[in-house]
Amino acid sequence: MKLPLSLTNPNMASGSGSLMWFRKGLRIHDNPALEYASRGSTCVYPLFVIDPHYMEPDPNAFSPGSTRAGINRIRFLLESLADLDSSLKKLGSRLLVLKGEPGEVLIRCLNEWDVKKLCFEYDTDPYYQALDKKVKNYASAAGIEVFSPVSHTLFNPADIIEKNGGRPPLTYQSFLKLAGEPLWASSPLSVELSSIPPVGDVGSCEILQVPTLKELGYVEEYQDEFTPFRGGESEGLRRLRETLCDKEWVANFEKPKGDPSAYIKPATTVLSPYLKFGCLSSRYFYQCLQDVYKNAKRHSSPPVSLVGQLLWRDFFYTVAFGTPNFDKMKGNKICKQIPWNDDDKLLAAWREARTGFPWIDAIMVQLRKWGWMHHLARHSVACFLTRGDLFVHWEKGRDVFERLLIDSDWAINNGNWLWLSCSSFFYQYNRIYSPISFGRKYDPNGNYIRHFLPILKDIPKEYIYEPWTAPLSVQTKAKCIIGRDYPKPVVSHETASKECKKKMGEAYAVNQRLNGAVSEEDLRNLRRKFAEGDEEQQPKPRRLRQKLIN
DNA sequence: GTTGCGTTGCGACG
DNA sequence: CGTCGCAACGCAAC
């Protein structure tokens with residue numbers, strides 16, 4: 001589609017055009033790349049490339065969505081793009097949407113369009129590191145200036161790593177010390193942009209509108225509940241302003257004190273998806289929080305305060321950037337080598353919300369339907385899957401979160417799975433969240449469970465966290481027979497958690513003895529040892545035992 | 001080598 | 001609601 005003449009630049013031949021490449025950073029406010037692209041340019045091409053792998057339906061995925069993302073996050077992204085387009089239009093521009101492999105599309109655009117400057121936000125994720133290198137090399141060789149500022153995080157991860165002698169800090173406290181105050185802490189950020197130069201001639205490129213889910217090929221889903229969180233900068237800023245209204249709450253926020261079972265009004269800001277896509281600038285958020293603190297009698301501090309949460313985000317970005325194979329166990333220097341089991345049945349039960357533990361299953365339903373759940377709820381299910389009960393590999397759980405969360409962020413998601421599985425950062429594997437009592441402590445009546453698992457809605461509160469203990473008469477009356485209408489628990493928490501602790505202890509001992517250089521064979525030996533331990537507890541029939549030995 | 005500390009465990013007790 | 005014992009990890013500072 002050709003653009004209307006009014007949006008093309010008549011002085012193209014003699015002009016200096018800029019290409020503003022949006023990826024994350026889907027915002028107008030505090031966007032240094034966009035600002036630089038606009039300054040002194042006769043035309044600006046604001047571009048977003050739709051990568052079919054990320055956006056188009058994959059019928060083989062375990063949930064509705066593409067190969068890489070669940071439908072809730074795709075929807076959030078489309079809403080963010082539509083909002084960005086509408087904001088750009090108010091400034092005399094528009095969003096140019098193209099489809100294809102992003103690197104190839106970019107290079108075609110650089111070739112065809114009048115571009116002297118290529119501007120995009122710097123990104124530390126491995127995917128973008130590889131992609132950007134390719135694009136940067138091409139642009140430089142073509143004599144195009146590349147401007148790629150750090151504006152997604154408070155600090156430049158590379159600076160922190162350099163300050164620490166080339167290694168990323170591995171504790172939050174050491175990160176805080178290195179980081180200090182950000183340089184821009186008390187200087188004004190560019191929050192308003194009054195206009196953007198018009199879009200230049202797009203030649204033969206086929207420019208699309210921001211597509212709808214339907215246009216991407218998604219049929220109307222049977223899902224009865226979608227994420228209640230709408231994407232976009234406007235919505236992110238609205239949510240921020242709404243949060244900031246309650247100054248008392250903002251000033252005294254303490255993360256661990258939040259209620260994971262609160263879903264009508266979540267106990268946290270739910271700004272994470274906006275930060276993830278850069279609909280909200282973390283730096284602007286930081287400055288708003290400092291403003292509130294300045295005028296408050298007292299306020300909380302990192303790590304538990306709201307500013308502390310932004311610093312956690314930077315902490316994980318920094319460690320992730322400075323750690324090769326951060327998203328894997330093998331080849332990851334900071335990750336304990338643990339012989340996780342490979343039980344796809346247990347994984348599926350967890351993923352499909354049929355572990356038989358209502359607290360765990362309700363959280364997994366909320367994840368599926370909303371793409372968001374409270375931080376402590378994430379802890380509960382992550383601990384349960386890995387070191388707490390099922391002893392399934394954290395990478396498997398990470399994959400499920402990465403797909404389904406609307407706020408899933410490569411560095412933070414991997415960092416938290418390393419944390420919760422006691423593979424890195426946190427090592428007190430005795431501290432296990434109980435799938436029964438942890439939720440009950442916040443929500444004794446089980447309202448959260450009743451909402452997300454309506455099959456259990458008439459189970460009396462005495463049994464709602466462990467319905468398999470309810471007498472059959474109670475189950476009948478509640479129209480929910482355990483084992484028929486709702487599953488029996490996949491494990492006994494008491495014995496499973498005890499086993500997990502023992503396994504973690506033995507795995508830790510091997511890691512210590514070999515100073516982290518644990519081989520494939522060492523892991524196999526541990527697995528064999530664990531299997532023998534299992535047999536002692538529950539002797540298998542001789543036939544089966546023979547089979548195991550062979 | 002020792003000590004103190006670490007965003008968010010559980011259960012008992014007051 | 002807070003404190004304690006439980007059992008006990010690795011990292012960082014000394």
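Proteins get letters first, then strands, A, B, ... in listed order; numbering begins at 1 in each.
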(message) Determine whether the aromatic ring centres of residues A:Y263 and A:F452 are separated by less than 6.0 angstrom.
(response)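 So the answer is yes for these two rings.
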Decide if atom [atom1] of [X] counts as having more than 12 heavy atoms of other residues, nucleotides or ligands within a radius under 6.0 Å.
X: A:Q129; atom1: CD; value: yes
X: A:R354; atom1: CZ; value: yes
X: A:I481; atom1: CD1; value: yes

(message) So A:F425, base contact, sugar-phosphate only, or nothing? Heavy-atom distance under 4.0 Å.
(response)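 No contact at all - A:F425 keeps every heavy atom at 4.0 Å or more from the nucleic acid.
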What is the distance from [atom1] of [X] to [atom2] of [N], rounded to the nearest Å?
X: A:E254; N: B:dT8; atom1: CD; atom2: P; value: 12 Å
X: A:W359; N: B:dG9; atom1: CH2; atom2: P; value: 14 Å
X: A:N515; N: C:dC11; atom1: CG; atom2: C1'; value: 14 Å

(request) For nucleotides C:dA12 and B:dT8, find the distance between their C1' atoms and express it as a whole number of Å. (result)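 It comes out at 22 Å once rounded to the nearest Å.
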(request) Pick the C1' atom in B:dG6 and in C:dA7, then give their distance to the nearest Å. (result)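 Taking atom C1' in both B:dG6 and C:dA7, they lie 16 Å apart.
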(message) Regarding A:K24 and A:D123, does a basic nitrogen lie under 4.0 Å from an acidic carboxylate oxygen?
(response)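 Yes, A:K24 and A:D123 are salt-bridged.
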(message) My validator wants the stems of DNA chain B: runs of 3 or more consecutive Watson-Crick or G-U pairs, both distances under 3.5 Å, written as range with range.
(response) B:1-6 with C:9-14, B:9-14 with C:1-6
(message) For DNA chain C, which residues of residues 160-177 of chain A approach it to below 4.0 angstrom with any heavy atom?
(response)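 When residues 160-177 of chain A is checked for heavy atoms under 4.0 Å from DNA chain C, the hits, listed by number, are A:T171, A:K177.
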(message) Check for me: is A:W312 stacked on B:dT7 by the 5.5 Å centroid and 30° plane-angle rule?
(response)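 Stacking is present between B:dT7 and A:W312, given that their ring centres fall under 5.5 Å apart and the planes under 30°.
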(request) Would you check if A:W372 and A:L367 make a side-chain contact, meaning some heavy-atom pair closer than 4.5 Å? (result) no
(request) Return no unless some side-chain N or O of A:K441 is found under 4.0 Å from OP1 or OP2 of B:dC10. (result)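 So the side chain of A:K441 is within the cut-off, an N or O lying under 4.0 Å from OP1 or OP2 of B:dC10.
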